[in-house]
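Okay, structure first, notes after.
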Protein chains: 2
Amino acid sequence: MPAAAPAAAPRYQQLAERLRREIAAGKYAVGAMLPPELELSGRHGVSRHTVREAIRRLADMGLITRHQGIGTRVKALQVEPRYTASLTDVADLFQYTQRTRLKVLAEHRVRADTALAALLRCKPGQRWLKFETCRYPIEDAPPIAYTEIYILPAYGRIRARLEGGGVWVYGLIEQHYGERIVEVQQEIGAVAIPARVARLLGAKPRSPGLHVVRGYFGSGERLLSVSVNVYPAERFKLSTHWRLQGR
Amino acid sequence: MPAAAPAAAPRYQQLAERLRREIAAGKYAVGAMLPPELELSGRHGVSRHTVREAIRRLADMGLITRHQGIGTRVKALQVEPRYTASLTDVADLFQYTQRTRLKVLAEHRVRADTALAALLRCKPGQRWLKFETCRYPIEDAPPIAYTEIYILPAYGRIRARLEGGGVWVYGLIEQHYGERIVEVQQEIGAVAIPARVARLLGAKPRSPGLHVVRGYFGSGERLLSVSVNVYPAERFKLSTHWRLQGR
DNA sequence: AAGTGGTCTAGACCACCGA
DNA sequence: CGGTGGTCTAGACCACTTA
């Protein structure tokens, strides 16, 4: 069978592309009116429906605005795309398909030295409660992640609730202190898993892992908690879905 | 003058609202099919065009997906994003602080076998143009990333424009074919950089790297291009900022 | 082959705007 | 009032998927 001829683009798409080019080329200035639908219909030999479909595309792109009784006005010469990703809940950041439980291995009071302050994006000298933890699937299985959790000493009461199933630090802070997590800053890198962590995870020392640092901010951009996570490469992937705004 | 009688909402809007409510109420489960357009047309006594206008609204809300030859499937019961992250341009996904240039090392026509189809989230047998490339900072320096770019053969013309500064594949497709990148699916993992890639990158074999697979979708959820990236750990980090909606 | 959504036409009436 | 975009109908054929 011969290769299928490349299907022609639909007419509304051809028209939309043509108009887009004309706008970009300056044929219509910003604020100028596009020809009326009936005129475009006649000029390009397509039905008004097809014209509207084309014009709808341009409107979706944010190039034009339409007003009943007035006409179609050029809003921008080219598109400035804006993509968004959304989460229903911060827990989605973790994307664990199953419920997990946390095990606390150690607990310290620390003061941030220069290196830690850089990692946590806080000021040197800042005091933190630090927990070294592993996160396990509910059933018996090797841990998914090694996590260092830093919280403000003021929130120390949540220590008692930390271990167990389906628990998230940010959730505890929200529940017990009425603080709202307003922002989450996430930084993702790769790392060769250090020997000590590899031992805890049951992974090969120096094998690759995902290194994810998350900062949780309350209102007023106040940093409430930071978690530093190491995920063995084969046990975890992060996926994000970006979508053009307005769809 | 008496208050004008509240104009009845357009029929497509009434129908869209009715369907939205039925979905939210659980009449159609996630993954279930909505009735075909003709059935809705008859059942509600409106033309198919009106049905399509209503269904388009639901699709714009992200509640359903439509597929030619298959039908309309419920994707979500309601829309309620809490945290969002936004980008003004897909290029932000890459977060290169400096302009970069792409160098094409090799070019192949490939058919997806099972493994590749899984990686690219496409069907086995699908044909692709594959480019093996490295991305460099503008100034002389080792590459930031090794990237395999897959594009639909129909977009082969962009090959000539691929190399050079500040070039992004998705941008070329948008410019040359009038396609809009509507969605980007991104999957991040860690990997031990294979010897061959390490050689190209000037990195140590088996050293850790970020492994990022991005799928670019046009309208109608059509997969237009896929890139598979390997970033040496010490040369690249991804950061994302999530913010509670309404800020 | 049957059934789905995708595209397209020709025509109609309405709501809104500005002169 | 005339002209604009907004809504709507009836019907047609196409492209795609599944069986």
Side-chain angles (χ1 to χ4, degrees), chain A residues 1 3-19 28 31-60 63-75, chain B residues 1 3-17 19 28 31-60 63-75 122-126 152 154 178-180 182 218-223:
Chain A
M1 196 165 78
R11 290 184 208 179
Y12 69 81
Q13 191 179 325
Q14 297 177 36
L15 178 55
E17 180 53 18
R18 173 165 184 169
L19 291 172
Y28 308 97
M33 306 301 293
L34 237 49
E37 296 177 353
L38 274 178
E39 186 181 326
L40 288 174
S41 167
R43 192 193 291 180
H44 295 96
V46 297
S47 74
R48 186 175 159 220
H49 175 79
T50 300
V51 169
R52 284 180 61 76
E53 199 63 39
I55 287 185
R56 159 138 45 186
R57 291 214 145 197
L58 300 181
D60 285 349
L63 287 180
I64 60 173
T65 58
R66 293 190 280 181
H67 289 289
Q68 197 172 23
I70 300 182
T72 303
R73 194 178 294 279
V74 174
K75 194 170 81 178
Chain B
M1 195 166 75
R11 292 185 204 177
Y12 70 81
Q13 195 178 334
Q14 295 178 34
L15 178 54
E17 181 54 18
L19 291 172
Y28 308 97
M33 306 301 294
L34 237 50
E37 296 176 354
L38 275 178
E39 186 182 326
L40 288 173
S41 166
R43 189 192 293 180
H44 295 96
V46 296
S47 76
R48 189 178 157 218
H49 175 77
T50 301
V51 169
R52 284 180 60 76
E53 200 63 38
I55 287 185
R56 167 156 14 203
R57 293 214 145 196
L58 300 181
D60 285 351
L63 289 180
I64 58 172
T65 59
R66 294 190 281 181
H67 289 289
Q68 196 173 25
I70 300 182
T72 302
R73 194 177 294 277
V74 174
K75 196 169 80 178
C122 70
K123 274 188 246 168
Q126 166 98 55
L152 292 181
E179 276 279 6
R180 298 279 294 155
V182 170
S219 60
E221 316 215 341
R222 204 160 71 98
L223 181 58

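Every heavy atom of this structure was used, including side-chain atoms; hydrogens, water molecules and symmetry mates were not. Letters A, B, ... are given to chains in the order of the sequence lines, protein chains preceding strands, and every chain is numbered from 1. Keep in mind the model is a prediction, meaning the values are calculated, not measured.
- Counting to the nearest Å, the P atom of C:dG6 and the CZ atom of B:Arg56 are 9 Å from each other.
- Residues passing the side chain to side chain contact (heavy atoms under 4.5 Å, CB included) test with A:Pro10, sequence neighbours excluded: A:Tyr12, A:Gln13.
- In terms of the ring-ring contact (aromatic ring centres under 6.0 Å, His included) criterion, A:His67 has no residue partners (sequence neighbours excluded).
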Sort me out a list of protein N/O and nucleotides 8-10 of chain C N/O pairs below 3.5 Å, or just none if empty.
residue	atom	partner	partner atom	Å
C:dC8	OP1	A:Arg11	N	2.5
C:dC8	OP2	A:Arg11	N	3.3
C:dC8	OP2	A:Tyr12	N	3.3
C:dT9	OP1	A:Arg11	NH1	2.9
C:dT9	OP2	A:Ser47	N	2.7
C:dT9	OP2	A:Ser47	OG	2.7
C:dT9	OP2	A:Thr50	OG1	2.5

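- Computed from coordinates, the B:Ile55 CD1 to C:dG6 P distance equals 9 Å when rounded to whole Å.
- Applying the side-chain hydrogen bond (donor to acceptor under 3.5 Å, both in side chains) test to B:Ser47 and every residue at least two apart in sequence or in another chain returns B:Thr50.
- In this structure, the ring-ring contact (aromatic ring centres under 6.0 Å, His included) partners of B:His49, at least two apart in sequence or on a different chain, are A:His49.
- Whole-Å rounding puts the A:Leu40 CG to D:dG3 P distance at 17 Å.
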Quick one: which protein N/O atoms are closer than 3.5 Å to N/O atoms of nucleotides 1-4 of chain C? Pair and distance per line, please.
residue	atom	partner	partner atom	Å
C:dT4	O2	B:Gly69	N	3.1

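- For the side-chain hydrogen bond (donor to acceptor under 3.5 Å, both in side chains) test, residues two or more places apart in sequence or in another chain that qualify with B:Glu39 are B:Arg43.
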**OP:** With side-chain contact (heavy atoms from CB on, under 4.5 Å) as the test, would you mind laying out the steps for A:Leu58 and A:Thr72 before giving the verdict?
**Re:** CA-CA 10 Å; A:Leu58 300 181; A:Thr72 303; over 6 Å; no

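- Protein atom CG of A:Leu34 is 16 Å distant from nucleotide atom C1' of D:dG3, rounded to whole Å.
- Residues meeting the side chain to side chain contact (heavy atoms under 4.5 Å, CB included) test with A:Gln68, sequence neighbours left out: none.
- Residues meeting the side-chain hydrogen bond (donor to acceptor under 3.5 Å, both in side chains) test with A:Arg48, sequence neighbours left out: A:Glu37.
- When rounded to the nearest whole Å, the span between CD1 of A:Ile64 and C1' of D:dT4 equals 14 Å.
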